[in-house]
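Worksheet: the structure to be examined is printed underneath.
What you see is a predicted model; the values in this text were computed from it and never measured. Each chain gets a letter, A, B and so on, in the order the sequences are listed, and its residues count up from 1.
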Amino acid sequence: MLQKIKMRWKATVEQHLHNLAEKTLGKSELIKDIPLVVQVPPKPELGDVAFPLFAYAKPFRTSPQKLVEQLIASLNESGDLPAGTLLAAGPYLNVKIDTAELANELETAIRNRKEQYGHTSSMADKRVMVEFSCPNTNKPLHLGHLRNDAIGQSIAAILKANGADVHKVNLINNRGVHICKSMLAYMKFGNNETPESSSVKGDHLVGNYYVRFAQWEKEDPTALEQAQTMLKQWEDGDPEIVQLWEKMNRWTLDGIKQTYDKTGISFDTYYYESDTYKLGRDKVASGLKANVFYKESDGSVWIDLAEIGLDKKVLLRKDGTSLYLTQDIGTAIARHEDWPFDSLIYVVANEQSYHFKVLFHVLQKLGYDWASDLHHLAYGMVNLPEGKMKSREGTVVDADDLFDMLAKMATSDILEKGREEDVKDVQQTSEAIALGALNYYLLQVNPLKDMIFNPAESLSFNGNTGPYLQYMGARISSMYRKYVESGTPVDTISFDGSLLNLEEERELIKSLADFEETVKQAATNLDPSVITAYLYDVSRKYSKYYHDYPILKAESKSLIKARLTLSLMVLQVLRNAYELIGIPFLETM
RNA sequence: GUAGCCAUAGCUCAGCUGGAUAGAGCAUCAGAUUGCGGAUCUGGAGGUCGGAGGUUCGAAUCCUCUUGGCUACACCA
């Protein structure tokens with residue numbers, strides 16, 4: 001909405017630049033290829049839109065400052081300008097836009113579109129598949145998964161908000177030696193323990209045996225060999241092994257799904273490696289026939305990656321069994337058959353960049369033209385202030401433990417502030433705060449970058465955090481309740497945007513009007529941190545405004561109406577933005 | 001060794017396609033509450049944007065080189 005106004009101004013200024021070029025230079029071709037840059041001035045008093053004119057100085061053979069003066073004169077002569085005021089700011093031509101008109105437009109838009117406000121159609125009719133999470137079934141989720149999940153879930157929401165048809169998929173890594181390790185340890189040391197018998201969440205129980213295996217491996221050098229034997233038995237369909245595999249997989253998946261529920265993660269389709277790993281084999285066989293691949297003398301199948309500047313890569317072992325890459329080929333093809341997509345986004349750690357480079361290339365060579373629609377959204381590692389998470393050193397932060405710790409912390413805060421009566425359900429509220437804290441912390445960093453997760457800092461409810469944002473929503477909600485209790489005295493008065501002319505109000509209106517653009521940019525960049533930054537900016541602006549000016553006690557009824565409406569618009573936009581990054585909205589907290 | 005990613009305040013992070021005096025939070029120092037939720041707000045201090053060249057009217061941003069860190073380059077997933 002703000003963007004539209006800016007573009008209108010841009011077109012107007014461009015037109016006048018050309019007129020000016022005709023008039024003073026005799027020809028406008030000289031400036032035809034110089035793009036007019038649109039910016040935001042660094043300070044509010046400098047206006048709302050800025051056009052730097054440096055680049056035009058040379059063809060006009062004058063200083064940018066003088067050009068600004070001439071341009072303003074030209075613009076002022078024309079009676080047909082968008083609403084606003086022109087400002088000469090040195091080499092910049094600035095515009096202070098008329099926010100009264102914008103406020104009215106904004107009010108209508110938000111009233112009509114409500115939770116849809118901010119949604120765009122920039123990706124309408126695009127079918128996008130998003131793959132994320134992809135846990136192993138030998139242990140519970142850890143902090144790294146939480147970042148993956150948060151990014152995947154958020155990207156899906158953001159794309160959807162831009163009109164895309166989004167399909168979220170998970171790929172369960174449920175086969176391989178690592179899975180057999182926990183199975184083997186369970187067989188040896190399990191004593192038929194079950195999640196029910198020991199009251200341990202299934203994924204944690206299986207994870208305990210994975211750890212147990214690592215201990216046992218140190219004592220018994222044949223442990224790994226035994227695990228490999230078990231894998232062979234599994235592949236051969238040994239009924240006893242398969243039964244155990246099914247049982248333990250179910251335990252893990254049930255546990256992981258509980259974690260998903262708690263953290264607001266969901267999928268449209270689950271794929272299982274055990275179902276798809278064979279598919280890739282056939283595709284490699286046909287690729288071999290088509291001479292895309294070649295066979296070594298020992299029978300293994302390879303691809304030469306010289307074309308993309310890489311070495312050779314194995315696709316099938318000499319015994320014909322498939323590898324990680326092989327099965328990902330099959331999985332991709334199966335997915336495209338199941339749900340033909342325009343684009344498939346893999347949310348996977350950046351340490352696998354090589355893998356995806358190869359995967360995409362192989363699919364290309366196999367003749368799938370949609371291979372160019374595959375995208376690896378690589379994200380960085382999550383480290384701890386003490387250093388890296390290492391499973392071998394036991395410094396991995398468990399997802400459930402972390403979440404519970406956050407929730408407990410929130411609870412003690414609620415009790416400390418004596419708010420248990422107001423929030424009604426303390427447990428539910430605590431979990432909502434914990435989730436807000438977690439998602440905001442994980443998403444505020446550009447996905448690409450490694451980040452440091454500081455548990456102590458994430459537990460803080462001050463500053464640039466999820467709970468701070470939730471608090472803004474709760475405060476506005478509280479104010480609105482108070483208004484309703486008072487008998488809705490200004491409900492019949494109509495909203496008048498021209499009353500909102502404080503600098504703080506203009507800034508808020510501009511921000512709210514820019515939400516659509518923000519949502520679009522988040523999708524273009526595939527970056528939820530665009531939304532978190534926006535949310536924090538709006539919240540901070542509103543906090544200051546709310547702190548400095550009375551809303552319900554403003555001096556006139558029409559001003560109360562205007563400010564209350566602005567506050568409710570802020571609330572609506574906050575809620576719509578929360579939705580995109582997994583921050584639960586709370587009426588009270 | 002080869003390739004990719006990263007480097008901004010003491011710490012954690014922003015900085016959109018190059019543009020005005022590089023911004024937040026935490027920590028630190030100093031303030032604000034007869035109020036619509038103080039889980040708030042205001043101000044101070046804190047920077048050679050890893051380093052060196054280059055392109056440009058103009059560079060944290062683009063190019064080259066360089067230093068440091070992380071990751072990958074498995075018949076593991």
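For the P atoms, the distance from B/C13 to B/A7 is 11 Å, rounded to whole Å. Of the P atoms belonging to B/G38 and B/A24, the separation is 23 Å, rounded to the nearest Å. Between B/C26 and B/U48, the distance separating the two C1' atoms is 25 Å to the nearest Å. B/A30 and B/G68: their P atoms are spaced 43 Å apart (whole Å). Taking atom P in both B/U34 and B/U17, one finds a spacing of 47 Å when rounded to whole Å. Comparing B/A60 with B/G18, their C1' atoms sit 10 Å apart, to the nearest whole Å. The separation of B/A72 from B/U40, taken at their P atoms, amounts to 40 Å, rounded to a whole angstrom. Annotation: B/C62 and B/C49 have their P atoms spaced 16 Å apart (nearest Å).
Here the P atom of nucleotide B/A74 and the CG atom of A/L359 are 16 Å apart, to the nearest Å. When the P atom of B/A39 is taken as reference, atom CE of A/M409 falls 14 Å away, rounded to whole Å. Between A/Q228 atom CD and B/C75 atom P there is a gap of 14 Å when expressed in whole angstrom units. Going from atom CG of A/N464 over to atom P of B/A24 covers 12 Å, rounded to whole Å. Counting to the nearest Å, the C1' atom of B/U2 and the CG atom of A/D311 are 10 Å from each other. Taking atom CG of A/L46 as the reference point, atom P of B/U21 lies 11 Å away to the nearest angstrom. Between A/K553 atom NZ and B/U34 atom P the separation is 12 Å, expressed in whole Å. Between the P atom of B/U17 and the CD atom of A/E517 lies a distance of 13 Å, rounded to the nearest Å.
Between A/Y536 and A/Y468, the distance separating the two ring centers is shorter than 6.0 angstrom. A distance of 6.0 Å or more separates the ring centres of A/Y346 and A/H375.
Of all nucleotides listed (B/C75, B/A39, B/C16), B/C16 comes nearest to the side chain of A/Q521. Set against B/C5, B/A72, B/A77, the side chain of A/Y354 has B/A72 as its closest nucleotide. Distances were taken from every side-chain heavy atom of A/W302 (C-beta onward) to each of B/C36, B/G25, B/C75; the shortest belongs to B/C75. Comparing B/C75, B/A20, B/C36 by their nearest atom to the side chain of A/N94 picks out B/A20.
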Please list each protein N or O that sits under 3.5 Å from an N or O in nucleotides 56-64 of chain B, with the distance.
residue: B/C57; atom: OP1; partner: A/K58; partner atom: NZ; Å: 3.2

Filtered N/O pairs between nucleotides 7-15 of chain B and protein, under 3.5 Å:
residue: B/A7; atom: OP1; partner: A/K449; partner atom: NZ; Å: 3.1
residue: B/C13; atom: OP1; partner: A/I452; partner atom: N; Å: 2.8
residue: B/A14; atom: OP1; partner: A/N446; partner atom: N; Å: 2.7
residue: B/A14; atom: OP2; partner: A/K449; partner atom: NZ; Å: 2.9

Please list, pair by pair, any protein nitrogen or oxygen found under 3.5 Å from a nitrogen or oxygen in nucleotides 40-43 of chain B.
residue: B/U40; atom: OP2; partner: A/N462; partner atom: OD1; Å: 2.8
residue: B/U40; atom: O2'; partner: A/R475; partner atom: NH1; Å: 3.3
residue: B/C41; atom: OP1; partner: A/Y468; partner atom: OH; Å: 2.6
residue: B/C41; atom: OP1; partner: A/S543; partner atom: OG; Å: 3.3
residue: B/C41; atom: O2'; partner: A/H547; partner atom: ND1; Å: 3.2

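Side chain to side chain, A/Y483 and A/D491 meet the donor-acceptor criterion of an N or O pair below 3.5 Å. In this model, no donor atom of one side chain and acceptor atom of the other lie less than 3.5 Å apart for A/Y277 and A/T321. Neither side chain, A/S322 nor A/K278, offers a donor N or O lying under 3.5 Å from an acceptor on the other. Between A/Y272 and A/N173, the side chains place no donor N or O within less than 3.5 Å of an acceptor N or O (distance only, hydrogens not considered). A/Y379 and A/N148 share a side-chain donor-acceptor pair at under 3.5 Å.
One finds no salt bridge joining A/K318 and A/E296 here, because no Lys/Arg side-chain nitrogen approaches an Asp/Glu carboxylate oxygen to under 4.0 Å. Taking the charged nitrogens against the carboxylate oxygens, A/K510 and A/D514 have no contact shorter than 4.0 Å, which rules out a salt bridge.
A/P41 comes within 4.0 angstrom of a nucleotide base, judged by non-hydrogen atoms across all strands. At the heavy-atom level, A/Y549 lies under 4.0 Å from base atoms of the strands shown. Nucleic acid contact for A/N136: sugar-phosphate only, since backbone atoms but no base atoms lie under 4.0 Å from a heavy atom of the residue. Counting any heavy atom pair closer than 4.0 Å across all strands shown, A/A57 reaches no nucleic acid atom. Counting non-hydrogen atoms under 4.0 angstrom, A/L323 reaches the backbone sugars and phosphates but no base.
For RNA chain B, each stem of at least three Watson-Crick or G-U pairs (distances under 3.5 Å) is given as range with range: B:1-7 with B:67-73, B:10-13 with B:23-26, B:28-32 with B:40-44, B:50-54 with B:62-66.
Between A/R175 and B/A77, a side-chain N or O to OP1/OP2 separation shorter than 4.0 Å is present. Applying the 4.0 Å criterion to OP1 and OP2 of B/G37, one finds that A/K482 has a side-chain N or O inside that range.
Here the options are A/T565, A/L564, A/L566, the test is side chain to side chain contact (heavy atoms under 4.5 Å, CB included), and the partner is A/L568; only A/L564 passes. Screening A/N174, A/T252, A/N249 against A/T137 for a side-chain hydrogen bond (donor to acceptor under 3.5 Å, both in side chains) leaves a single residue, A/N249.
Along RNA chain B, the nucleotide nearest A/V177 and the nucleotide nearest A/K417 are compared for position; the residue whose nucleotide lies closer to the 5' end is A/K417. Place A/G176 and A/K357 on RNA chain B by their nearest nucleotides, and A/K357 ends up nearer the 5' end.
Stacking of A/R475 on the aromatic ring of A/Y546 is not recorded, the 6.0 Å distance cut-off and the 45° axial limit not both being met.
With sequence neighbours excluded, no residue forms a ring pair (Phe, Tyr, Trp, His ring centres under 6.0 Å) with A/Y354. Residues passing the ring pair (Phe, Tyr, Trp, His ring centres under 6.0 Å) test with A/Y534 are A/F515, sequence neighbours excluded.
Here the closest heavy-atom approach between residue A/R175 and residue A/E235 is recorded as NH1-OE2, 3.4 Å. A pairwise comparison of heavy atoms in A/L224 and A/E217 identifies CB-OE2, 3.9 Å as the closest pair.
A/D298 contributes a side-chain N or O that forms a donor-acceptor pair with the base of B/C75 under 3.5 Å.
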